[in-house]
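When a ligand or atom number is given, it counts from 1 through the structure's own listing order.
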Amino acid sequence: MEAPHTSKEADAQNPEQTIVVSGIQPSGRLHLGNYFGAIRQHIDLHQQHEAYYFIVNYHALTSVQDADLLREHTMDVALDYLALGFDPEEAHLFIQSDVPAVTELAWIFYNLVSVGRLERGVAYKDKIEQGLTPNAGLLNYPVLQAADILIYGGTLVPVGADQKQHIEITRDLAQRFNQTFCSEDDPLFPVPEAHILDDVAVIPGVDGRKMSKSYGNTIGIFDEGKTLKKKVMSIVTDSTPLDEPKDPEACNVFALIKHFADDAKQAEIAEQYRAGGYGYGHAKKELLGLIDDYFAEARARRKELEQRPDYVMDVLRDGGRQAREQAYAFMERVRAATGLVTTY
Ligand code: AQP
């Protein structure tokens, strides 16, 4: 069956066209950091531009090495995106490993970046400092990420602030490849820009570190009931007594409230912090209510979608087919440029 094409695809060969590309790891349930750092932008941007969003299961293998769990998380991410407003008529949603050519492009890129550059990666160093054992996949993570972005001719990459350095590596690899293998007036890869929302710093987890699946400090987008309450109530705060004034800007609870409450509500809560007589327990209850309301619709939609696994598979299959077409056409040009002879 011929895959339906998205409404913006007619322009795909236009070099001026914005092509939005971004990935998300199925390394655990998606959390508020993923949502405010990346997914919210993904949903906004896919209405405006040609967009490729993929569930990066090759990347997740750096930390998830349990087949059932990886499969489960992969389908969970797809359900989450559809529930949060991704429209398959507008853009492509697919599984990274449905386009294995990205690993081929990554291999080509390995030869254009030094090991030292990868060892200085902030995300890599951070994970090691947190006690994770680095495998070669973790070190090379940004190279595969660059292949993911560049194989679709990506020009705009909506990511959280923590990914800034990785996108720099992608930009360098695009330039390096163009300089090494292309003539100056006919570069193969566009040099993409990161799209990072100014008002979103890195979202803190319940322990105050970056909210991250691998730190076990997340609040899930689709957590609800007792699970959600337990996590919100466990957010680390200082020990200022209830009666005393508190600084909202130094509080992990307020850092999250800011993303859910409008300006007036934020100002009202900040005032209560400063006035004293307002405890962290009050703030946590407020946050709990805000999270519940914010995701109520998406939760209901997700429950409906859980009953339609065939539909979710169809979306992923169609997205993968379209992405493969684009990627394989591109790889022919990459092979020609690099001198990799193909005999088929
Ligand atoms: N805490 C965060 N604040 C802002 N943005 C965040 N992102 C992740 N955590 C935060 C953004 O979410 C997008 C997808 O992230 P990912 O799952 O592909 O990788 P990640 O950044 O490594 O997320 P985790 O939770 O930390 O995963 P693990 O622990 O498995 O490595 C990215 O755009 C990221 O910026």
Side-chain angles (χ1 to χ4, degrees), residues 20-46 51-66 69-70 72-74 76-78 80-81 84 86 93 95-96 102 121-135 137-142 144-146 148-149 154 156-170 192-221 223 231 235 252 255-256 258-260:
V20 181
V21 175
S22 202
I24 192 121
Q25 283 198 82
S27 49
R29 295 303 302 271
L30 299 185
H31 53 75
L32 302 184
N34 296 138
Y35 183 76
F36 288 107
I39 301 171
R40 200 174 42 149
Q41 308 188 62
H42 294 172
I43 302 298
D44 284 350
L45 288 168
H46 90 298
Y52 294 82
Y53 297 144
F54 31 84
I55 304 168
V56 295
N57 53 350
Y58 287 138
H59 279 108
L61 278 175
T62 59
S63 60
V64 181
Q65 296 178 351
D66 173 323
L69 206 57
L70 186 59
E72 185 186 316
H73 289 328
T74 302
D76 273 338
V77 173
D80 290 355
Y81 264 70
L84 289 165
F86 177 87
L93 178 68
I95 301 172
Q96 182 187 33
V102 291
V122 177
Y124 175 74
K125 285 199 304 195
D126 192 43
K127 296 220 155 142
I128 291 172
E129 271 164 29
Q130 302 297 332
L132 297 186
T133 310
N135 51 40
L138 196 60
L139 178 70
N140 291 307
Y141 191 109
L144 181 57
Q145 186 174 3
D148 272 330
I149 293 167
L156 195 67
V157 193
V159 283
D162 59 312
Q163 290 285 328
K164 207 170 172 179
Q165 194 192 38
H166 283 184
I167 307 307
E168 272 308 314
I169 294 177
T170 298
E193 301 286 342
H195 188 276
I196 297 173
L197 293 180
D198 289 340
D199 61 333
V200 182
V202 171
I203 308 287
V206 296
D207 59 1
R209 295 184 293 170
K210 177 199 152 187
M211 189 177 286
S212 180
K213 300 175 207 108
S214 47
Y215 299 164
N217 64 357
T218 64
I219 298 176
I221 299 170
D223 283 345
K231 289 190 185 172
I235 298 173
N252 290 324
L256 290 173
K258 274 182 169 176
H259 295 287
F260 293 96

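Geometrically, ligand 1 and V202 share no nitrogen or oxygen pair separated by less than 3.5 Å. Note: no N/O pair closer than 3.5 Å links V56 and ligand 1 by distance alone.
The distance between the ring centers of F260 and F36 falls below 6.0 angstrom.
Those atoms of ligand 1 that come under 4.0 Å of a heavy atom in S27, given as number and element, are 27 (O), 28 (P), 30 (O). Remark: ligand 1 atoms within the under-4.0 Å shell around heavy atoms of G160 are 5 (N), 33 (O), 34 (C), 35 (O). Against a heavy-atom cut-off of under 4.0 Å, G37 is close to the following atoms of ligand 1: 4 (C), 5 (N). Under a 4.0 Å criterion applied to the non-hydrogen atoms of M211, ligand 1 contributes the atoms 1 (N), 2 (C), 9 (N), 10 (C). Listed by number with element, the atoms of ligand 1 under 4.0 angstrom from any heavy atom of A38 are 12 (O), 13 (C), 33 (O).
Scanning both residues, K231 and V206, for their nearest heavy atoms gives O-CG1, 3.5 Å. D148 approaches V21 most closely through the heavy-atom pair O-CG1, 3.7 Å. Nearest heavy atoms, Q163 versus Q145: OE1-NE2, 2.9 Å.
Between H42 and Y53, the angle of the ring planes stays under 30°, which puts this pair in the parallel group of the 30/60° scheme.
Note that OG of S27 and CG of L61 are 10.5 Å apart. Values are rounded to the nearest 0.5 Å. Taken to the nearest 0.5 Å, the CG atom of L45 stands 6.0 Å off from the CG atom of L156.
Distances shorter than 4.0 angstrom do not occur between any heavy atom of H59 and any atom of ligand 1.
With atom 34 (C) of ligand 1 as the reference point, the heavy atom nearest to it among V159, I24, D162 is part of D162. Of the candidates K213, H195, K127, K213 brings a heavy atom nearest to atom 17 (O) of ligand 1.
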